[in-house]
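Everything below concerns the one structure shown next.
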Amino acid sequence: MFKRKQKKEVLSPMTVDKADDFDQFFTEVTQKMPKKSASILKKSLSSLKQEAEKNLTVVGSKLDHYFDPLLENVAPEVRKKAHQTIHSATLMAAIVTLSPIPLTDAAMLVPIQVVMMSRLHKIFGAKWSEGMAWSLAKETFLMTFVREIPGNLMKIIPFFGTAAGTVANLTVSVAITETLGWITVNMLNKGEDVLSNKKNVNQQVKKILQLMQLSTHFKLK
């Protein structure tokens, strides 16, 4: 089971420096994952990260402009810090999707998104409840999980369909994670309580995914 702590606190604004990089993000996320899954990711991180970065460049270039409306009133320095956090999260999502752990990559998006939202809340010095964040991330996961099942089933079958299933899953995983990240930034920038507005957040996630035309391939209910 994923580790979860119920807590509520006010987080001070975060200063982004060299220590606050992907390696730290990776460590924080794997601490919240099942030990077996975390161990597999750690052992294969080097090769997975290289492949994930290559794929993320292609996927990211197709998705970035969908988030422009969410960033109109976000200060440049805040945007820069948020971008670093969201990039770490999407890279982690890509690594998880490329990992040899079938049927679990969607579920492992949950701790990735919790850590991402925690860091974004720190940037804005906003109130934080990890329990509520888990609830929101799980709800977003449930809304999108069914779209990853076909790809995961393909990935289980040796030497057949692996590439197609992985590409489909990677695109969805990255899109969901980045969308949730920038929606969080947009709401926090407007002083809104992200964690208490799950319905609003998921409606926005669904809307942006539809704009990306992911709904053409993966039906949104």
Side-chain angles (χ1 to χ4, degrees), residues 1-7 19-56 59 85-121 128-181 195 205 218:
M1 296 294 292
F2 295 133
K3 298 177 183 178
R4 181 174 70 179
K5 295 181 179 180
Q6 295 282 348
K7 61 180 180 179
D20 188 34
D21 56 11
F22 175 77
D23 290 338
Q24 188 177 4
F25 190 96
F26 179 87
T27 298
E28 193 173 346
V29 172
T30 51
Q31 288 174 347
K32 298 179 182 295
M33 288 181 171
K35 290 183 179 180
K36 185 176 180 180
S37 298
S39 177
I40 292 174
L41 289 176
K42 290 174 183 177
K43 289 178 181 178
S44 53
L45 176 59
S46 180
S47 59
L48 286 175
K49 185 179 179 183
Q50 185 175 8
E51 186 178 354
E53 287 175 332
K54 181 174 65 177
N55 282 275
L56 192 60
V59 174
T85 291
I86 294 172
H87 175 73
S88 292
T90 55
L91 178 56
M92 185 72 186
I95 288 171
V96 163
T97 307
L98 292 169
S99 71
I101 311 174
L103 294 177
T104 57
D105 29 72
M108 286 199 290
L109 291 182
V110 175
I112 293 171
Q113 292 170 356
V114 168
V115 173
M116 175 184 70
M117 287 190 288
S118 170
R119 290 178 170 227
L120 294 175
H121 276 69
W128 171 251
S129 168
E130 185 155 322
M132 292 177 70
W134 276 92
S135 178
L136 171 58
K138 282 183 177 180
E139 193 165 306
T140 303
F141 152 66
L142 288 173
M143 185 184 76
T144 56
F145 175 67
V146 69
R147 293 184 293 286
E148 294 202 273
I149 291 177
N152 274 310
L153 291 176
M154 293 172 71
K155 193 162 67 173
I156 292 175
I157 305 173
F159 311 112
F160 179 78
T162 304
T166 300
V167 170
N169 280 357
L170 188 146
T171 302
V172 175
S173 298
V174 169
I176 293 168
T177 302
E178 188 164 5
T179 298
L180 181 59
L195 303 179
V205 169
F218 306 108

Distance from T30 atom OG1 to I40 atom CD1, nearest 0.5 Å?
13.0 Å

Return the CG to CE distance between L195 and M117, rounded to the nearest 0.5 Å.
6.5 Å

Only residue of V115, L41, L109 satisfying side-chain contact (heavy atoms from CB on, under 4.5 Å) with M92 is L41

Minimal heavy-atom distance between S173 and T177, with the atoms involved, is O-OG1, 2.8 Å

Applying side-chain contact (heavy atoms from CB on, under 4.5 Å) to A94 and not counting sequence neighbours gives A52, L170, V174

Do L136 and Q113 have side chains that approach each other closer than 4.5 Å (heavy atoms only, starting at C-beta)?
no

Minimal non-hydrogen separation, M33 against P111, with atom names
CG-CG, 4.0 Å

What pair of heavy atoms forms the shortest contact from A133 to W128, and how long is it?
CB-CH2, 3.2 Å

Looking only at atom types and distance, does a side-chain atom of S39 sit under 3.5 Å from a main-chain N or O of K35, one as donor and one as acceptor?
no

Looking at CE of M108 and OG of S99, how far apart are the two atoms once the value is rounded to the nearest 0.5 Å?
4.5 Å

Taking the side chain as every heavy atom from C-beta outward, state whether I112 and F25 have any pair of such atoms under 4.5 Å apart.
yes

Between L48 and L98, which heavy-atom pair has the shortest distance, and what is it?
CD2-O, 3.5 Å

Report the distance from atom CZ of F26 to atom NZ of K42, rounding to the nearest 0.5 Å.
7.0 Å

Please report the interatomic distance CG(L180) to CZ(F141), rounded to the nearest 0.5 Å.
14.0 Å

Main-chain N/O of I86 paired with T90 side-chain donor or acceptor, under 3.5 Å:
yes

Check against side chain to side chain contact (heavy atoms under 4.5 Å, CB included), K32 and W134
CA-CA 11 Å; K32 298 179 182 295; W134 276 92; 4.2 Å; yes

